[in-house]
Amino acid sequence: MFSTGPKKKKNNPRTPPTLSDSPVTPSPLRRTSFNDTAIPNRPPTGTPAPWTPRLSVLARVPQVNRNGKEDDNDPIKPVFVSEFPKVVCDEQATSLQRRVSFEDCGGYGGIDKSTSLAWIICGSKVFVWSYLSPASSMNCVVLEIPFNDVANYDTGSWLVSVVNCDSSSFGSNKAAKHVAVVLCNRKTRAVIYWPDIYSQSSNAPVTSLASSDELEAVGEKTPFKRQTRQSKQETDLTELNAFNSVIASVVPGYSLACIALACSSSGELWQFECSPTGIRRRKVYEIISHFPLKGGDLGKLVSNKGYPRSLTWRFPYHSSKESNRQFLVLTDCELQCFRVEFSSGMNISRLWSQEIVGTDAELGIKKDLAGQKGIWPLDVQVDDHGKVITILVATFCKDRISSSSYMQYSLLTMQYKSGLDVESTNERILEKKVPIEVIIPKARVEDEDFLFSMRLRIGGKPSGSTVIISGDGTATVSHYHRNATRLYQFDLPYDAGKVLDASVLPSADDYEEGAWVVLTEKAGIWVIPEKAVILGGVEPPERSLSRKGSSNERSAQEETRNLTFTGNFAPRRASSEAWGSGDRQRAALSGITRRTAQDEESEALLNRFFNEFLSSGQVDGSLEKLETSGSFERDGETNVFVRMSKSIIDTLAKHWTTTRGAEILSMAVVSTQLLEKQQKHQKFLHFLALSKCHDELCSRQRHALQIILEHGEKLSAMIQLRELQNLISQNRSTGVGSSNSNVDIQMSGALWDMIQLVGERARRNTVLLMDRDNAEVFYSKVSDLENFFYCSDAELEYVIRPEHLLAIQIQRACELSNACVSIIRTCFDYKNENHLWYPPPEGLTPWYCQPVVRKGIWSVGSVLLQFLNDTSGLDKTVKLELYNHLEALTEVLLEAYSGAVTAKIERGEEHKGLLNEYWERRDALLESLYHQVKEFEATYKDSIVVAEEFNEEATMKITSHLLSIAKRHGCYKVMWTICCDVNDSELLRNVMHESSGSTGGFSDYVFKKLHESKQFSELLRLGEEFPEELSFFVKEHPDLLWLHDLFLHHFSSASETLHALALTQNKQSTAVIEENEQVDMKLKLKDRKNLLYLSKIAAFAAGKDAGTQVKVDRIEADLKILKLQEEVMKHFTSLEDKEPVDDQLLHPEDLIKLCLEGEEPEFSLWTFDVFAWTSSSFRKSHRKLLEDCWKKAASQDDWSKFHDSYSVEGWSDEETVQNLKNTVLFQASSRCYAPQSQTFEEGFDQVLPLRQENMETSTLGDMSSSVETILMQHKDFPVAGKLMLMAVMLGSEHSGDNRIEEGPSPME
């Protein structure tokens, strides 16, 4: 692309030719759109205006990079550091809502290396924050530009200087605590000063405006005579007044004081002394002219437009103890050094100057060479130590042989001569450190405004690398590596904004260099790792310092070869824009494919064999030789067969290169060329089959074979798209007058606009295509068809604009929808016709299932959905058309989601998020479509005269097709709704049979809906036809499971289910329907007893075996507990707080605790009944509760009084026994320890024995090892202990014959 260009008309020797001079650039007059439906304000190339709002690129950045983790598989990618603070994003969003672009509102930004602060100007606000701070603690300072004083004078951009006022942080990584900010307007010369942005008291802005006398004086009288130009017109005087550069420094010894310096194109050097009380401004160029120059004449400060160009401090880091500071001024031919004295009224003196553009090549750049037409020193930077000076230089040259013009970019690196005192010598003090480094020998010719927009940054990794930032928003890293200059271009698409500035990331070691950090306009802050620069850099002339690339032409053969083998000869830049293409990261888009000599050999060999096949049809020995050359070692995009296939479908036709712009679309050569590509690609497939390479690829490189066949899909889709464009043009031509040419008709409509956008995107990605027309690029770059869907998402708001009439918006949306559907369906057809060619699909994701494709289709579908749902008063025919387009789009979108989910599942990858997205969009689309069907149905029912497209038969046809889509993608809600509305049970059964799944499928959904509506009999009858599905469903619904088990004569299982159901606490059905509703199953105690009775009957029906009696005993025990609870609740009817639990099943523990609250003796006895009817494990785990029961039982009788009666009355043994039988202790012991006691599982003695066998072993820590030890703790035990123990022992020996008389149990 940097070869000699065609002849151009003669230009002024100092004014480079512009783009419009190029013969390959179509005339803007030939790009006029056909009607007002085209995109307004479109530049001639068809690219949307870059200043209009775009969607953020962050949504398309992979999450791994946004987390700051480098991708090991592609180490040449930049790494995302951080997003903007929220206040910045909010301000940008507000500007977007007001339809004010970043540039129109004065948008500008930068990074200050010394403080690691980033800043952005948006509207009348300056946002300053530390980009190194974590997001959680990021503090963004918002500085308001005074509106009344300054903003009304703002006719240009701002120059910003951030001043580190914290002396303790100079030259270190410490965060500065005191920072001042100086703003200087380039054109109005207004100056604003914030003394300390972090201080509440010192944060008020101080302003200074240029007086009218100041501006008039500069405008009327230019201080220096121009050398190479005649006087300009009056309109150019504004540019002479504009400031080009500003620097600022803290003034030591003065609180909150700074000095700022600015230079303008008129040769002026201005000084601004800033303090909280005001700003003193003065022009110092007249003072300079009277100073004696040490070492030579004063000379002229400038000699051409735009100079002095740049200011920079000689030593970037300044000590607070120094009383002066030196700075450098870059002019068009010299580098001058000045000194400002802080202690003597801020006086400025010039120390030295040295010519850098002259006749002596040893001193800098030699001028007046053959072919040299102009030299522009563009920017100067000094390293951190102040020893090395780097200057960016552009040279305008003309080839004397071909008369083509080109631009050459170079880096001039100077250093100070050793042993010289810069303040006392008359000799030249600078010398070249290294020979001039040519970055690009031949590049696109740019105008002066673009050249002057370039900025230079130095000091990052790799060591010695530099960054050049161009005015159109690109950043190029130049690095001298392996005896050659290599370039790495960090570029963002227009919709992510420009690169605003670059700096160096602070290193952990203060003396080491850091990686390059880049501030973008809308995509946050990024870092370019050192590894990315080394691996991703390419040698000139494969790069340009702008987005435009080169306008020079090369031979068609060389272009074709570069496009064919992008990885070797013309690798594209590692651009963030390439990441929007989906999760299949193509090597050609995301970085450099390192090709070896073996790759070259394989490629040449395959090319020779294929050409021989085309000429002779013979493939003898091809497979063995290709296998020997390593052709089958790479998979994916880097496979040699894939590259050959891509070269076939992406070939640029030589005869397409034309200056007629979009007229190529009306030429039959477009369709002819696409058909020729298709034929050649089909022959390539035949070559693979005959040479047995197809079988080898199918077994070893399935991904590569799939990509080759996808190339065929895309080629067929492109042909179909071309036919669709012709059809649209023909239909439109019948509706317009003859005054409109065929070309005008071709250049109108949504599809045409989208073709332009996609073509422009491809041109920006590949510098070799910059001199081609957008439409030509689109129809040539077949392999990048995904970009059509990318632009359908990112650029949709520029194709379907809100200011268009509603009818036009709908028409354009339908046109785009038709194009998307045509592309995907053509791919489906191609795959069906050639299915035998495809490899096994397991784990492979088709290209039309990639995220970028799905996102584009969904964006178009969302627009159609909005028109269909939110637009009232539409004609019924228009609604039907919208419905048909949305239905077709829905079908292909859901197929894409289905394929993507299937591939992820087969690869074993996480797919939950994708599956949820699939379900959400499926439901939204299909439910909306069916809602429209219901509206159509209501239309023909309410209308007297029914149109043919709205009659009952047509509506049923639409419903049937929608039902088929819902069945394929499992949208059960729509399927159920359709079947219910149709009220056809046979249809429901058929759909259930067709939509069965591993977990029940649609049948399970139907059962849930019937269960939700309590149609249990209908559910069970329907389940007889679907026994497996019903069995799966009732397992989650015990309230139906026992009925199903009884129906199947599974009595044992039914008994267990009924038993569990009766004892379930607060029973709720586990069936959760889509609305997250639950079916409550509130059972009363009476219902629970009935369930237990049924469980007992089912257990007996199951037959008598060893386990039957155990089950029956357990059921009977639970029945006793339920009856006991009823009895207990009757005694608590007077307590209001116990009413809510009348019908609530109590846990045995809760029931025992409730009994312990009762005062009557029966409650104490009932606690032991509950323990007896539970289980051994319950008694063991609740031993402490059992002890409390014994303590409660012991306290029921007055044992002290009992003992007194025993002693005074002199009871006999029979009387004593008879009286003890009436005590609670006796009855409790009888119920727990008597031989006839009824206890489930093990007895009480296994948990709590009656007697303490060895009293000496009892300790204070184990006083509850038996009933005896529990009684020993009773207050009356010292007196009546013998009687208490006697009651317990007599109760344990009681036979139980007269138990009812002694103390009837409520359960009996």
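Predicted, not measured: the structure shown is a model, and the values here were computed from it. Quick note: residue numbers are just sequence positions, from 1.
Put simply, CG on Leu351 and CG on Leu328 are 9.5 Å apart, with the number rounded to the nearest 0.5 Å. Expressed to the nearest 0.5 Å, how far CD1 of Ile356 lies from OG1 of Thr331 amounts to 6.5 Å. Atoms CG and OG1, on Leu487 and Thr485 in that order, are 7.0 Å from each other to the nearest 0.5 Å.
A side-chain donor-acceptor contact under 3.5 Å links Ser465 to the backbone of Gly460. Between the side chain of Lys498 and the backbone N or O of Gly471, at least one donor-acceptor pair lies under 3.5 Å. Panel note: side chain Tyr307, backbone Pro377; a donor-acceptor pair is recorded below 3.5 Å.
No option in Ile528, Val527, Leu505 other than Ile528 meets the side chain to side chain contact (heavy atoms under 4.5 Å, CB included) test with Trp516.
Using a 4.5 Å heavy-atom threshold, the side chains of Val128 and Val162 count as separate. In this structure, Ile120 and Trp129 have side chains that are in contact, with non-hydrogen atoms separated by less than 4.5 Å. The closest side-chain heavy-atom distance from Thr413 to Val388 is below 4.5 Å. Within the 4.5 Å cutoff, no side-chain heavy atoms of Phe450 are placed close to those of Met407. Side-chain contact between Val438 and Gln408: present, with at least one pair of heavy atoms (C-beta onward) separated by less than 4.5 Å. In this structure, Gln354 and Met414 have side chains that are in contact, with non-hydrogen atoms separated by less than 4.5 Å. At a threshold of 4.5 Å between non-hydrogen side-chain atoms, the residues Val518 and Ile469 do not count as touching.
Shown here are the salt bridge (charged side-chain N to carboxylate O under 4.0 Å, His left out) partners of Asp112, two or more places apart in sequence or in another chain: there are none. With sequence neighbours excluded, no residue forms a side-chain hydrogen bond (donor to acceptor under 3.5 Å, both in side chains) with Ser161. Partners of Ser310 by side-chain hydrogen bond (donor to acceptor under 3.5 Å, both in side chains), not counting sequence neighbours, listed by chain and number: Asp379.
Surrounding NZ of Lys387 are at most 12 heavy atoms belonging to other residues, nucleotides or ligands under 6.0 Å away.
Cation-pi contact between Arg325 and Trp313: present, with separation from the ring centre below 6.0 Å and deviation from the ring axis of at most 45°.
The aromatic rings of Phe338 and Phe327 sit parallel, their planes meeting at an angle under 30°, below the 60° perpendicular limit.
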